Amino acid sequence: MRKRIVVNAGLTETRVGVQEGNLLTELYLERHRHRSIVGSVYKGVVTNVLPGMQAAFVDIGLQKDAFLYAGDYTSNLGDVAGAMLAAGGEDGDADVDLDVEELEPRRETAPIEDLLHKNQTVLVQVSKESLGTKGARITSFISLPGRYLVYMPQARHIGVSRRIRDDRERERLRAALRAVNLPPGGFILRTNAEGKSESEFAADVEFLTRLWAQVQARFEQAAAPAVLHEEGDLTFRVVRDLFSPEVDEFVVDSREVYDKCAGYVEALVPALRDRVRLWAEPTPIFEALGIEKDIEKALRRRVWLKSGGYIVIDHTEALVSIDVNTGKYVGKRDFEQTVLKINLEAVGEVVRQIRLRDLGGIIIIDFIDMESAEHREQVYRALKRALAEDKARTNVLEISELGLVEMTRKRVRQDLRSLLSVVCPTCKGSGITKSDATLAAEIFRSVQTKAATTGDANGRDVVIRVHPDLARYFEGDGQDGLERLSRALDRKITIQPNFAEREGYEVRLRGGAPQ
């Protein structure tokens with residue numbers, strides 16, 4: 001399947017889409033004034049230690065203090081051989097996850113109050129962006145990614161990306177890396193390392209060793225809080241992490257950004273230089289390649305399948321639920337086969353939407369109920385295969401008899417919905433507003449209460465300011481109720497359609513104060 005990376009360089013933001021065939025599977029966005037800080041290294045100051053949470057707040061110079069768990073901190077920064085990488089730890093790069101059996105267990109963590117104290121300076125790296133009301137999550141287990149390797153100064157292990165599945169290749173890669181003169185610390189061979197040689201690893205080792213030395217030197221000199229190392233911009237990270245021989249085309253729509261990307265490619269993957277090209281068409285690149293439409297669909301709650309079925313994606317405080325429905329598809333003869341066909345088709349779209357929307361945390365997928373255990377196993381295997389292409393770490397439980405799949409997906413950055421949208425000012429995120437009839441009844445009660453408490457001293461006229469939609473309701477279905485209220489109070493009631501909020505209103509008695 002043809003794979004393409006598309007870069008749209010706007011005035012205020014840069015967007016990068018990854019297409020497989022003609023379908024958008026991944027989208028990355030970076031606003032020029034708010035670059036991602038995941039992977040950046042800081043010298044921070046502990047502002048508060050929370051024994052009850054076994055965590056600490058650390059000022060690293062951001063708007064909110066960052067959050068450091070006891071399990072993500074080692075006090076032995078000088079003892080490189082003694083510190084170990086956490087199994088499943090936040091490495092800031094999902095592509096370099098290790099199989100669990102390849103990792104050394106972390107030593108018992110001492111209580112946070114024994115490790116840290118207020119005003120202490122610490123060397124930390126951001127592992128998760130600030131999400132919602134939470135500050136960024138940080139770790140002191142530093143990982144510095146190169147093109148083929150990730151260097152972990154506090155580890156002492158050579159691991160291989162789980163996405164490289166061939167056992168012989170895994171052993172060859174380890175042997176090639178061990179042949180290099182390695183500094184103290186641990187390394188992970190990234191997916192991009194597959195097929196590469198000792199000389200290419202040596203260049204990466206030299207670069208990463210020099211980078212770590214610079215970080216250490218800056219830590220000694222800088223006054224906290226201070227940034228010691230910033231991750232490159234979005235286009236650099238895309239070239240480093242995503243541009244591989246599997247990508248057939250790398251298209252950029254800006255001459256300036258094209259030249260920059262070409263420079264990155266020359267430095268990191270010169271063999272792929274001829275795959276980078278400048279978009280010269282007058283039609284905007286995302287529009288011409290169908291990416292704009294895919295982004296718009298990714299913000300919808302309902303996603304249709306080709307067969308006529310559909311999936312519904314809902315966000316809650318605790319999890320994301322994905323519901324699979326038959327929709328317009330009724331099958332041909334056998335109901336079980338109809339259900340299996342819809343579920344198997346849904347698997348591909350569900351995984352595409354998870355990757356495209358960058359959904360994280362707990363995800364519940366509600367497939368259509370399947371009586372056959374064999375069919376459930378078939379759908380489960382298809383889901384596992386589809387998720388194998390996802391760079392983020394996932395953990396998937398088997399399908400229950402009710403057709404439910406529970407899974408988790410590593411969350412590092414804001415999901416697409418949070419990045420591109422804000423909470424609706426009308427419904428406040430609930431997705432619903434009060435009906436016209438409900439609002440009218442509420443207003444009638446308010447008028448009755450106000451009239452009863454003020455008496456006749458303030459006059460006999462009532463003015464109600466409402467949203468224009470509600471004003472039209474009072475001219476139609478609500479007119480009878482309005483007339484009955486007027487007769488009951490023996491007051492003239494005037495509706496003014498000039499209130500901005502859908503559920504807002506103002507009741508004023510002539511000569512009285514507004515409600």
Side-chain angles (χ1 to χ4, degrees), residues 37-93 97-98 100 103-144 151-157 184-186 212 215-229 317-318 360-362 393 395 408 410-413:
I37 59 170
V38 172
S40 294
V41 181
Y42 293 83
K43 181 176 185 177
V45 181
V46 177
T47 58
N48 198 8
V49 177
L50 309 172
M53 296 283 289
Q54 281 302 291
F57 285 108
V58 180
D59 178 9
I60 58 174
L62 304 179
Q63 191 172 6
K64 296 177 184 175
D65 285 354
F67 199 69
L68 176 64
Y69 281 108
D72 289 328
Y73 180 75
T74 172
S75 57
N76 300 313
L77 287 174
D79 179 14
V80 174
M84 301 181 185
L85 182 67
E90 305 291 348
D91 50 43
D93 190 332
D97 290 344
L98 291 176
V100 172
L103 287 163
E104 303 173 56
R106 185 186 291 182
R107 61 175 58 167
E108 279 300 313
T109 303
I112 190 76
E113 60 269 28
D114 294 344
L115 298 174
L116 296 171
H117 56 80
K118 193 172 181 179
N119 297 325
Q120 180 178 340
T121 57
V122 288
L123 176 64
V124 292
Q125 185 174 37
V126 175
S127 57
K128 281 187 182 179
E129 293 271 17
S130 174
L131 300 174
T133 59
K134 301 176 182 177
R137 182 168 171 179
I138 54 177
T139 175
S140 74
F141 293 91
I142 309 299
S143 59
L144 303 174
Y151 179 37
M152 302 167 296
Q154 295 102 339
R156 55 180 184 192
H157 182 82
W212 174 237
V215 169
Q216 289 179 304
R218 290 168 186 161
F219 180 81
E220 296 298 327
Q221 298 166 5
V227 59
L228 308 179
H229 165 68
E317 192 71 22
I362 300 172
R393 180 166 54 247
N395 181 32
T408 59
K410 181 178 175 181
R411 190 203 313 266
V412 175
R413 299 175 178 87

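This structure is a prediction, so every number in the text was calculated from the model and none was measured.
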Looking at [X] and [Y], what are the two nearest heavy atoms and their distance?
X	Y	value
Ile138	Leu68	O-CD1, 3.4 Å
Leu62	Ala136	CD1-CB, 4.4 Å
Val38	Ser127	CG1-O, 4.1 Å
Lys118	Val49	N-CG2, 4.3 Å
Phe67	Ala55	CZ-CB, 3.4 Å

Would you say the side-chain atoms of [X] pair up with the backbone N or O of [Y], donor to acceptor, closer than 3.5 Å?
X	Y	value
Arg218	Leu228	yes
Lys43	Ala224	no
Gln125	Gly39	yes
Glu129	Ile37	yes

Discussion item. Tell me whether the count of non-hydrogen atoms from other residues, nucleotides or ligands lying under 6.0 Å of CD1 in Ile362 goes above 12.
Written reply: no
To the nearest 0.5 angstrom, please state how far the [atom1] atom of [X] sits from the [atom2] atom of [Y].
X	Y	atom1	atom2	result
Arg137	Asp72	CZ	CG	4.5 Å
Leu115	Gln120	CG	CD	8.5 Å
Lys64	Phe57	NZ	CZ	10.5 Å

Fill in: side chain to side chain contact (heavy atoms under 4.5 Å, CB included) assessment of Trp212 paired with Ile142
CA-CA 9 Å; Trp212 174 237; Ile142 309 299; 4.2 Å; yes
Fill in: Working for side chain to side chain contact (heavy atoms under 4.5 Å, CB included), residues Leu116 and Tyr73
CA-CA 9 Å; Leu116 296 171; Tyr73 180 75; 3.5 Å; yes
Practice prompt. Under the side chain to side chain contact (heavy atoms under 4.5 Å, CB included) rule, what do Leu123 and Val41 come out as? Steps first, then yes or no, please.
Written response: CA-CA 7 Å; Leu123 176 64; Val41 181; 3.5 Å; yes
Practice prompt. Check the pair Ile60 / Val124 against side chain to side chain contact (heavy atoms under 4.5 Å, CB included), numbers first and verdict last.
Written response: CA-CA 9 Å; Ile60 58 174; Val124 292; 3.9 Å; yes
